[in-house]
Amino acid sequence: MNVPQHKIVYAYGSVVEWLYSVAGGIKPVWENAGFKKVIIAPVTDKRLGSMNTVFETAYGTIKTAWHYEGETVCYEITTPVNATIIIHGEKHYVGSGSYIF
């Protein structure tokens, strides 16, 4: 089967976008373009085991990491800007910095 190159590139781009925005949980606040503010809400899955995401923005580097310790999920999040971090449905409004949940 002969698949056009642009369809393959689109498929890879879709996977990468899912890894950053869903598994890594990094999403812009649309009213503040360019990741001036960010929502970080990682979606974990034991099938992945762990996830480390690094995203460069004009304001600095956003990092999210999570891993399982037994049935518990441990999160490490770094944001260069104000962020809403959502962990298990609980919202945390934070400034720039590194956080462990």
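Applying the side chain to side chain donor-acceptor pair (under 3.5 Å) criterion to Glu31, with sequence neighbours excluded, gives no partner residue. Under the salt bridge (charged side-chain N to carboxylate O under 4.0 Å, His left out) criterion, Glu71 pairs with Lys46, not counting sequence neighbours. Residues meeting the side-chain contact (heavy atoms from CB on, under 4.5 Å) test with Glu56, sequence neighbours left out: Val54, Thr61. Residues satisfying the side chain to side chain donor-acceptor pair (under 3.5 Å) test with Tyr20, not counting sequence neighbours, are none. Annotation: side chain to side chain donor-acceptor pair (under 3.5 Å) contacts of Thr72 (sequence neighbours excluded): none. Taking Phe35 as the reference, Ile26, Pro28, Val38, Phe55, Thr57, Ile62 meet the side-chain contact (heavy atoms from CB on, under 4.5 Å) condition, with sequence neighbours excluded. With sequence neighbours left out, Val94 forms a side-chain contact (heavy atoms from CB on, under 4.5 Å) with Thr79, Ala83, Ile85, His92, Tyr99. Scanning for side chain to side chain donor-acceptor pair (under 3.5 Å) contacts around Asn52 gives an empty result, with sequence neighbours left out.
Between the side chain of Trp66 and the main chain of Ile77, no donor-acceptor pair closer than 3.5 Å is present.
You'll find the side chain of Val16 stays beyond 4.5 Å of the side chain of Ser14, heavy atoms only. Looking at Lys27 and Ile40, their side chains never come closer than 4.5 Å, going by heavy atoms from C-beta outward. In this structure, Ile100 and Tyr75 have side chains that are not in contact, with every pair of non-hydrogen atoms separated by 4.5 Å or more. Contact check for Lys37 versus Trp30: no side-chain heavy atoms found under the 4.5 Å cut-off.
The stretch residues 72-94 participates, sequence neighbours left out, in no salt bridge (charged side-chain N to carboxylate O under 4.0 Å, His left out) pair at all.
Listed by chain and number, the hydrophobic cluster partners of Val29 are Ile39, Ile86, where partners are ILVMFWY side chains within reach of under 4.5 Å, directly or through others.
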